Amino acid sequence: MIKIIAVIDGSSYSASVCEHAAWVATRAGAGIEIIHILTRRDPASDPSNLSGSIGLGARSALLSELAELDAQQAKLAQKRGRAILVDAETLISERGVSEVHTRLRNGEIVDTVKDLEDEADLIVMGKRGESANFDTLHLGSNLEKVIRSTHKPVMVASREFKAPTRILIAFDGGASALKAVEFISKRPHYNDLPIHLLSVGRDSATERRQLEGAVATLKDGGFSATGENLPGTPESVIAEKVEQEGFDLVIMGAYGHSRIRNLIIGSTTTEMVRSCKVPVLLFR
């Protein structure tokens, strides 16, 4: 059975992560495992760092109080984590997904995803986490780290969920883009969604053949697919296309040498993912 891992943290993106995961699961007949991770505390909050400059007796008493407070906070974090998982499980079940499991883990998000990714076909995460500064609109650091480390497709959920109706694939002919095309072409449960492949600044005969071949692959899979090459810079052209023509799911490669595939690390596509208001499905 296809399995989706939905990583939630209690942020405003968590409900959207659940909605996006449920949307994929109901189409694909997949099960969902919801993961909430209790991360390690900041070393700066360690009791020994707070009491090193006071007398021995007072320090011992303070350390005891801090240890008790720390234990209470850990228990509260556990209770909160379970409550977050219960709410998420309820939401996903209400969307018609019958196979839903929850898991509360201790550790770091990247390590947890790496431990579990062999079980998953898709990972769904929010664009920003609970501790992110929404005013800056920066991508969450954990999202960047997961995309750097995992070899499974990652769906970056937008803040608000809307069931996708039109798909745009940012196509550059590279291995990641070809993997994305191959992945989608073998999933007939998306056949009702028209797909447009957009190539930016690649208009040689070889590149046109690559684009035509990708369109043909999707058509052979039963999709309504079209292709187009436009001049310009990828970040501005793709963003404008999404906004003007109402695409509500973007698929693209996540690493490589070209400007489109240099996601997360490169400033060009970091800006695209950061500012994009629709979900983005990333492939390595």
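One is the number of the first residue; the rest follow in order along the sequence. Everything numeric in this text was worked out from a predicted model, so none of it was measured.
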[X] vs [Y] side-chain heavy atoms within contact, under 4.5 Å:
X: Leu122; Y: Leu281; value: yes
X: Asp115; Y: Arg105; value: yes
X: Thr39; Y: Asn142; value: no
X: Ile34; Y: Val100; value: yes
X: Tyr190; Y: Val24; value: yes
X: Asp118; Y: His151; value: no
X: Ser12; Y: Arg159; value: yes
X: Asp9; Y: Ser14; value: yes

Discussion item. With a 4.0 Å cut-off on N to O distance, would you call Lys152 and Glu117 a salt bridge?
Written reply: no
Worksheet item: Would you call Lys186 and Asp220 a salt bridge, using N to O less than 4.0 angstrom?
Response: no
About how many Å separate [atom2] of [Y] and [atom1] of [X], when rounded to the nearest 0.5 Å?
X: His20; Y: Met125; atom1: NE2; atom2: CE; value: 14.0 Å
X: Ile5; Y: Ile123; atom1: CD1; atom2: CD1; value: 6.0 Å
X: Lys162; Y: Lys277; atom1: NZ; atom2: NZ; value: 12.5 Å
X: Thr226; Y: Leu198; atom1: OG1; atom2: CG; value: 9.5 Å
X: Ile167; Y: Ile251; atom1: CD1; atom2: CD1; value: 4.5 Å
X: Ile37; Y: Leu104; atom1: CD1; atom2: CG; value: 9.5 Å

Discussion item. List the residues meeting salt bridge (Lys or Arg N to Asp or Glu O under 4.0 Å) with Glu228, not counting sequence neighbours, and say none if there are none.
Written reply: Lys241
Practice prompt. List the steps and the verdict of side chain to side chain contact (heavy atoms under 4.5 Å, CB included) for Phe247 and Val278.
Written response: CA-CA 8 Å; Phe247 290 98; Val278 302; over 6 Å; no
Taking all heavy atoms of [X] and all of [Y], pick out the closest pair and write down the distance.
X: Val17; Y: Ala6; answer: CG1-CB, 3.9 Å
X: Leu211; Y: Gly227; answer: CD2-C, 4.2 Å
X: Lys114; Y: Ser149; answer: NZ-O, 3.2 Å
X: Ala177; Y: Phe171; answer: CB-CD1, 3.9 Å
X: Leu249; Y: Pro279; answer: CD1-O, 3.5 Å
X: Thr217; Y: Glu182; answer: CG2-OE1, 4.1 Å

Item to complete: Using a cut-off of 6.0 Å, state whether more than 12 heavy atoms not belonging to Glu243 lie near its atom CD.
Response: no
Discussion item. For Glu160, is the CD atom crowded, meaning more than 12 foreign heavy atoms sit under 6.0 Å from it?
Written reply: no
Discussion item. Looking at Thr26 and Trp23, would you say the former's side chain and the latter's main chain have a donor-acceptor pair under 3.5 Å?
Written reply: yes
Discussion item. Is it the case that the side chain of Ser16 and the backbone of Tyr13 share a donor-acceptor pair, with hydrogens and angles ignored and the cut-off at 3.5 Å?
Written reply: no
Worksheet entry | Verify same cluster id: Ile2, Ile32 (apolar side-chain graph, 4.5 Å) | no
Item to complete: Can you run down the salt bridge (charged side-chain N to carboxylate O under 4.0 Å, His left out) pairs that involve residues 85-96, sequence neighbours left out, and say none if there aren't any?
Response: Glu19-Arg95
Practice prompt. Could you name each residue pair satisfying salt bridge (charged side-chain N to carboxylate O under 4.0 Å, His left out) that touches residues 204-213, not counting sequence neighbours?
Written response: Arg202-Glu207, Asp203-Arg208
Worksheet item: Between Thr90 and Ser93, does any side-chain donor sit less than 3.5 Å from a side-chain acceptor?
Response: no
Item to complete: List the steps, then state whether side chain to side chain contact (heavy atoms under 4.5 Å, CB included) holds for Asn191 with Leu193.
Response: CA-CA 5 Å; Asn191 274 356; Leu193 304 178; over 6 Å; no
Item to complete: Output, in order, the C-alpha distance, side-chain angles, deciding distance and verdict of side chain to side chain contact (heavy atoms under 4.5 Å, CB included) for Phe283 and Met252.
Response: CA-CA 6 Å; Phe283 287 82; Met252 55 200 328; over 6 Å; no
Item to complete: May I have the step-by-step check of side chain to side chain contact (heavy atoms under 4.5 Å, CB included) for Leu85 and Ile8, ending in yes or no?
Response: CA-CA 8 Å; Leu85 289 171; Ile8 62 172; 4.3 Å; yes
Item to complete: Run through Leu197, Asp248, Ile238 and flag the one making a side-chain contact (heavy atoms from CB on, under 4.5 Å) with Leu168.
Response: Ile238
